[in-house]
Amino acid sequence: MDKWINNNTFTKILAIALGIVLWAMVHADTDPVSSTTVRLDTKIIENVQIEVTGLDEEKYVLQSKDADSVRMEVRGNNSDLNFKLSDAYRVTLDLSKVEPGDNTLPLNYFLPNGVTLESMTPSEVNVRVELRNTKAFPVTVNTSGAPAEGYQVGTPVIEPQEAKVTLADSELSRVVKVQGTIELDGENETFTEKKIKLYAYDKNGKEIKDAVIDPSSVSAEIPITLPNKSVPLDIGFTGKLPDSLVLSGVTPELENIVVYGSKQSLEALSSYQATVDLGSIDTAGTRQLEVELTPPAGTQKVEPGKVSVSVSTSEVVQRTFDNIPIRVEGTGSGLEAIITDPPGQTVSLTLSGAATLLDPLDPGSLSVVADVDNLKAGKHQVRLKVSLPRFLSLNQTEQSLTVTVELKSKTAPPATEAPEAGVTGSVPTPEPSAEPVSGEEDVTEEIPTSSPEPSATATPVPTLLPEATPENTDAISGSEGTGNAGNAGGTANTGNNGTNGNAGTGGGT
């Protein structure tokens, strides 16, 4: 080794090699620096969106900010400027320390490696922050479109029925309703929509887009039905009770039923009559009878389809009520009416029915009327009109229900001026009435003949009038071939005994 070091030629070769290496190192460090300096350039980046960070959204609402994006001018070499995606340029707005009200905050930026920022417009943003508030609103559902022809949309059943709206205080006061919409397309039966999206609206029906609604959707059941109408349920009767029984009470489990049909058919419908068969009752007491309800003519459906009716019967009894005053009605202008027979202007009434109805009956509640409407001056035989509580019947003869009424012209007032001196004479008397005053009868309605003695076993047939609401109708005595007497205000049905002429009810027609 020492031999090579001491050799002059070897030393020269080594020196040349070291020189080459040093030259290469110097040129390798200086050339790239010179190249980079020459290629630097600038670029404009438009519409870089401002990202909001750090806002406590459970407490605050960012009501407004005066800029949504910025314009950036950056510098770098061509490869860094032209081959970096726009997503590499970010601008953020930190609201972690913001306070309610107006705030001016600087913007933060993030650039790709090798790129520097020359300028950014704007470099700060004015923001307004408000406290967040929540209020509950009832949910409503609106329908658009139409169901099948002739059908109508009922009230939706919504679940849940309430939703919470979260907004800034100033915006929450604008909310007047939370509503979803269902599209209809010829449906003819009830259907359920599982997911109806909710929106908040102001008083002008404009959607408030920033509202946060919880829950954001609801389900709803939408009734699609024919037009319908709720009408009172009346009870009629068929069949007959044994001669010894009478009705003392009839109570249906429902007061009203719903009838479905066209609008035209429903307009003429004011009530619905269900018919109870009395032929199945043979002993006194209370029974529950089930009655089928069928749609009236021109309608399609009745709900419910059947109804239970409580029917109470009792043994028939009779009671006589004396000194019932007779009231005269319908007296014409210029006339006065006087009942000349009976002299006391009262009548006795014998009623049949259940003891539970007769015993507490107040005679003052019985109405007896002599109707002289359209009758002229003179004496007239007028049949009385008697009104009775429901389920009671009248056992009277024709003669006892007929009174004599005399109609007279009212007396003219005395003259107020004295006759002139020297003039003699007397005040002329009125001419006698041309109407018959005796021996002639003017009965307002034909009275059927009756058996002279009332049957002790007459069975009143109930009417359809509301209970305890008597109506003034003509009292009709039963005739041969007529059975149970009709109740007050009702129709005298064919009776139990076709050969017994039971007295008809006061108020039967």
Side-chain angles (χ1 to χ4, degrees), residues 52 55-65 95 100-101 127-233 253-263 266-267 300-304:
V52 177
L55 180 65
D56 185 354
E57 294 185 352
E58 293 185 357
K59 187 176 180 181
Y60 299 111
V61 174
L62 176 59
Q63 189 67 17
S64 66
K65 61 180 186 294
L95 299 181
V127 298
R128 180 172 182 79
V129 174
E130 292 189 18
L131 288 171
R132 182 182 292 272
N133 204 349
T134 299
K135 183 179 178 181
F137 291 86
V139 175
T140 59
V141 172
N142 184 38
T143 58
S144 62
E149 185 177 357
Y151 285 75
Q152 63 184 14
V153 181
T155 302
V157 179
I158 304 168
E159 183 63 34
Q161 299 179 357
E162 191 176 78
K164 294 180 178 179
V165 177
T166 301
L167 275 171
D169 279 337
S170 60
E171 288 293 301
L172 191 59
S173 61
R174 293 175 52 209
V175 179
V176 297
K177 66 180 178 180
V178 175
Q179 188 176 76
T181 301
I182 294 179
E183 295 285 342
L184 298 180
D185 186 18
E187 287 81 4
N188 61 2
E189 61 183 4
T190 298
F191 74 98
T192 300
E193 184 68 37
K194 295 292 186 182
K195 195 172 183 180
I196 305 170
K197 187 171 178 57
L198 299 178
Y199 301 90
Y201 296 93
D202 63 14
K203 64 180 181 180
N204 297 319
K206 184 179 179 181
E207 179 188 350
I208 302 175
K209 295 185 179 296
D210 295 333
V212 178
I213 304 175
D214 183 31
S216 60
S217 63
V218 295
S219 64
E221 183 178 272
I222 314 298
I224 305 294
T225 62
L226 286 166
N228 60 81
K229 184 178 184 180
S230 177
V231 294
L233 176 63
E253 64 177 340
L254 298 174
E255 294 183 356
N256 296 277
I257 55 96
V258 179
V259 182
Y260 295 83
S262 65
K263 290 183 179 180
L266 295 177
E267 286 175 356
Q300 297 190 24
K301 186 172 65 170
V302 176
E303 287 185 352

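Please read all numbers here as calculations on a predicted model, not as lab measurements. Just so you know, these numbers use all the heavy atoms, side chains as well, and skip hydrogens, waters and symmetry mates.
Qualifying side chain to side chain donor-acceptor pair (under 3.5 Å) partners for Glu193, counting only residues two or more places apart in sequence or in other chains: none. For the side chain to side chain contact (heavy atoms under 4.5 Å, CB included) test, residues two or more places apart in sequence or in another chain that qualify with Ser262 are Gln264, Ser265. Partners of Leu226 by side chain to side chain contact (heavy atoms under 4.5 Å, CB included), not counting sequence neighbours, listed by chain and number: Tyr151, Tyr260, Gln300. Listed by chain and residue number, Gln179 satisfy the side chain to side chain donor-acceptor pair (under 3.5 Å) test with Thr140 (two or more places apart in sequence, or in another chain). The salt bridge (charged side-chain N to carboxylate O under 4.0 Å, His left out) check on Lys59 picks up nothing, with sequence neighbours excluded. Under the rule for a side chain to side chain contact (heavy atoms under 4.5 Å, CB included), Thr155 has no partner lying at least two apart in sequence or in another chain. Qualifying side chain to side chain donor-acceptor pair (under 3.5 Å) partners for Thr166, counting only residues two or more places apart in sequence or in other chains: Thr134. Contacts of Lys263 classified as side chain to side chain contact (heavy atoms under 4.5 Å, CB included), with partners at least two apart in sequence or in another chain: Pro227. Here Glu159 pairs with nothing under the salt bridge (charged side-chain N to carboxylate O under 4.0 Å, His left out) rule; sequence neighbours left out.
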For residues 184-192, which side-chain donor-acceptor pairs fall under 3.5 Å, sequence neighbours excluded?
unit_1, atom_1, unit_2, atom_2, d
Glu187, OE1, Asp185, N, 2.7
Glu187, OE2, Asp185, N, 3.3

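For the atom pair CG of Leu254 and CD of Glu303, the computed distance is 11.5 Å after rounding to the nearest 0.5 Å. For the atom pair CD of Glu57 and CZ of Arg132, the computed distance is 6.0 Å after rounding to the nearest 0.5 Å. Remark: Ile182 CD1 to Thr143 OG1 distance equals 7.5 Å, nearest 0.5 Å.
Of all heavy-atom pairs between Leu198 and Gly180, the closest is CD2-N, 3.9 Å. Nearest heavy-atom pair, Pro156 versus Ile222, reported as atom, atom and distance to 0.1 Å: CB-CD1, 3.5 Å. When all heavy atoms of Ala200 and Ile213 are compared, the pair lying nearest together is N-CD1, 3.6 Å. In this structure, Leu172 and Lys135 approach most closely via the heavy-atom pair CD2-CB, 3.8 Å. The heavy-atom pair separating Ser219 from Ile196 by the smallest distance is C-CD1, 4.5 Å. Contact record, Lys206 with Asp202: N-OD1, 2.8 Å, taken as the closest heavy-atom pair.
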- Task: List the steps and the verdict of side chain to side chain contact (heavy atoms under 4.5 Å, CB included) for Gln161 and Val218.
- Result: CA-CA 8 Å; Gln161 299 179 357; Val218 295; over 6 Å; no
- Item | Stepwise side chain to side chain contact (heavy atoms under 4.5 Å, CB included) check, Tyr201 with Ile208 | CA-CA 6 Å; Tyr201 296 93; Ile208 302 175; over 6 Å; no
- Query: Does the pair Val61 and Leu167 meet the rule for a side chain to side chain contact (heavy atoms under 4.5 Å, CB included), with working shown?
  - Reply: CA-CA 7 Å; Val61 174; Leu167 275 171; over 6 Å; no
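Sorted by first and then second residue, the salt bridge (charged side-chain N to carboxylate O under 4.0 Å, His left out) pairs involving residues 212-233 (not counting sequence neighbours) form an empty list. Among residues at least two apart or in separate chains, salt bridge (charged side-chain N to carboxylate O under 4.0 Å, His left out) pairs with a member in residues 161-172 are Glu171-Arg174.
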